[in-house]
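Computed over heavy atoms, backbone and side chain alike; hydrogens, waters and symmetry mates excluded.
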Amino acid sequence: MKRAQLRDHLVRTMIAGEVATPRQNNLSHYRKMSDRNPYYLFGLELEKPWSFDEVLAMMAERCGVNPDPAHFYGDDTIDPELTIDALDRMAARFRLAAERRERVLLATGHPTGVLPIYLAVGRALRAHGCEVLTPAAGWSYEIDTPDGRRSRHIRYVEDVAMLSSAGALHHTHDAAPMEAMLAELAAESTDWPDLAMADHGWAGAAGQAGIDTVGFADCNDPALFAGEAEGKIAVVVPLDDNVPPQHYSVLSAYLLARSELIA
């Protein structure tokens, strides 16, 4: 697929371009990250103070949101050119992983959105000799929800880690599940991952642990972009991470072609 075709697809499906994320939601999250609210840090221990103005400027540069601090309402934007540039960097890292036959972790906090990309990449990496690790399957903990305390556990779908309860898969920002996965690997002293492909707290915790981490982030999730700016995250692809999942198939095909992982 040519770059122009991918760009048209991103804009048409609102994965990038004018996206459905409200501007006021973005600004609220930027403020909370700058205030060091743990929920918005995704498991990262950021070194810079990151004032609100610095977060907004960084997100304008790395994601393509409107840089005007006086723009309070309406939807915001993601620059599709930045999305494609980051996909190219991600593809290059996958190509290197295949050449080295690396050990890889795959994990997503958006099972209703970007999961198809993880599944496609996981299959391709396995086909090229990579080992996709699945530590801490079934590990569980309790979280606060609007309905009270609820149990969540790690469930793997084709070696992609997600949070689950009973028959449901859940959205999460939490870093604790990835931290549990890494703790199990560290305790076993074997099979430490060379690469993690993840988002939200799964990515933040992996990057904080020193693992080469690539992933996705929406324009209301500034922490991973800040982690990339500080060198804790290798690649962050800016996109809307929860459009209908079939729209991500084009991104999967582009990634596999660019990384030369198509069998």
Side-chain angles (χ1 to χ4, degrees), residues 1-17 19 62-64 78-133 157-162 193-200 202-203 206-207 211-219 221 224-225 227-228 233-263:
M1 169 176 286
K2 295 184 183 298
R3 185 182 181 101
Q5 292 174 305
L6 176 58
R7 187 188 190 284
D8 289 345
H9 174 79
L10 294 172
V11 172
R12 184 174 63 256
T13 59
M14 299 179 70
I15 294 173
V19 294
R62 292 178 177 267
C63 186
I78 295 174
D79 186 341
E81 299 296 335
L82 294 177
T83 303
I84 299 171
D85 288 345
L87 286 170
D88 287 343
R89 296 195 301 274
M90 179 181 278
R93 187 60 187 85
F94 291 152
R95 184 165 58 250
L96 182 62
E99 291 171 358
R100 294 175 174 174
R101 297 193 174 185
E102 291 182 336
R103 293 180 295 273
V104 183
L105 285 175
L106 305 171
T108 182
H110 258 298
T112 61
V114 292
L115 175 59
I117 306 178
Y118 289 84
L119 295 173
V121 169
R123 292 172 195 141
L125 289 174
R126 284 192 300 271
H128 283 77
C130 292
E131 181 183 4
V132 182
L133 306 174
V157 177
E158 283 195 45
D159 299 342
V160 181
M162 287 160 281
D194 304 295
L195 174 67
M197 177 189 183
D199 51 56
H200 289 175
W202 305 91
I211 298 166
D212 215 15
T213 301
V214 301
F216 306 100
D218 209 329
C219 56
D221 292 333
L224 294 187
F225 294 101
E228 184 184 40
I233 306 291
V235 179
V236 181
V237 177
L239 48 65
D240 188 316
D241 52 17
N242 200 35
V243 304
Q246 66 269 22
H247 294 324
Y248 296 110
S249 61
V250 173
L251 280 71
S252 301
Y254 183 84
L255 273 172
L256 297 186
R258 293 288 290 173
S259 59
E260 302 174 3
L261 292 182
I262 295 177

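Residues L115 and P111 approach most closely at CB-O, 3.6 Å, considering heavy atoms. The two residues I233 and L224 make their nearest non-hydrogen contact at CG1-O, 4.0 Å. Here the shortest heavy-atom pairing between D212 and A234 reads OD1-CB, 3.4 Å. The heavy-atom pair separating A86 from V235 by the smallest distance is O-CG1, 3.5 Å. Closest approach of S252 and P116 over heavy atoms only: OG-O, 3.8 Å. A206 approaches A196 most closely through the heavy-atom pair CB-CB, 3.8 Å.
Contact annotation: the side chain of V19 approaches that of C219 to within less than 4.5 Å [non-hydrogen atoms, C-beta and beyond]. At a threshold of 4.5 Å between non-hydrogen side-chain atoms, the residues L133 and V104 do not count as touching. With a 4.5 Å cut-off on side-chain heavy atoms, L106 and W202 do not count as touching. Contact check for D159 versus R126: side-chain heavy atoms found under the 4.5 Å cut-off. The side-chain heavy atoms of D221 and H200, taken from C-beta on, include a pair separated by under 4.5 Å. For the pair L105/M197, no side-chain contact is recorded, criterion being any heavy-atom separation below 4.5 Å from C-beta on. Between V243 and Y248, the closest side-chain pair of non-hydrogen atoms falls below 4.5 Å. Inter-residue side-chain proximity for V114 and T108 is flagged as met; some heavy-atom pair is nearer than 4.5 Å.
Remark: the backbone N or O of P238 is paired with a side-chain donor or acceptor of T83 at under 3.5 angstrom. Listed for the E228 side chain is a donor-acceptor partner under 3.5 Å among the backbone atoms of V236. Of the possible polar contacts, one joining the T213 side chain to the I211 backbone as a donor-acceptor pair under 3.5 Å is found. Side chain of R95 to main chain of R258: a donor-acceptor pair is present (N/O by atom type, distance under 3.5 Å, no hydrogens or angles). Side chain of R7 to main chain of K2: no donor-acceptor pair is present (N/O by atom type, distance under 3.5 Å, no hydrogens or angles). Not one N or O on the side chain of Y254 forms a donor-acceptor pair closer than 3.5 Å with the backbone of D88. Here the side chain of H128 pairs no donor or acceptor atom with the backbone of I262 at under 3.5 angstrom.
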Self-check item: Stepwise side-chain contact (heavy atoms from CB on, under 4.5 Å) test for F94 and V214
Solution: CA-CA 9 Å; F94 291 152; V214 301; 3.9 Å; yes
Quiz item: Given the rule in the side-chain contact (heavy atoms from CB on, under 4.5 Å) test, do L96 and R93 qualify, once you have shown the distances and angles that lead to the verdict?
Solution: CA-CA 5 Å; L96 182 62; R93 187 60 187 85; 4.0 Å; yes
Self-check item: Verdict with reasoning, R3 to D85, per side-chain contact (heavy atoms from CB on, under 4.5 Å)
Solution: CA-CA 10 Å; R3 185 182 181 101; D85 288 345; 2.7 Å; yes
Quiz prompt | Residues R103, L195; criterion side-chain contact (heavy atoms from CB on, under 4.5 Å); working and verdict | solution = CA-CA 7 Å; R103 293 180 295 273; L195 174 67; over 6 Å; no
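In this structure, the separation between CG on L119 and OG on S249 is 12.5 Å, given to the nearest 0.5 Å. Going from atom CG of L6 over to atom CD of E81 covers 9.5 Å, rounded to the nearest 0.5 Å. With rounding to the nearest 0.5 angstrom, the CG atom of D240 is 8.5 Å from the OG1 atom of T13. Interatomic distance, CG of D241 versus CZ of F216, reported as 10.0 Å (0.5 Å rounding). Distance check, rounded to the nearest 0.5 Å: CD1 of I15 to CD1 of I78 gives 9.5 Å. Atoms CG and SG, on L82 and C63 in that order, are 7.5 Å from each other to the nearest 0.5 Å.
Salt bridge R101/D194: absent, no basic N to carboxylate O contact under 4.0 Å.
Using modelled atom types, one finds a donor on one side chain and an acceptor on the other under 3.5 Å when comparing Y118 with D199.
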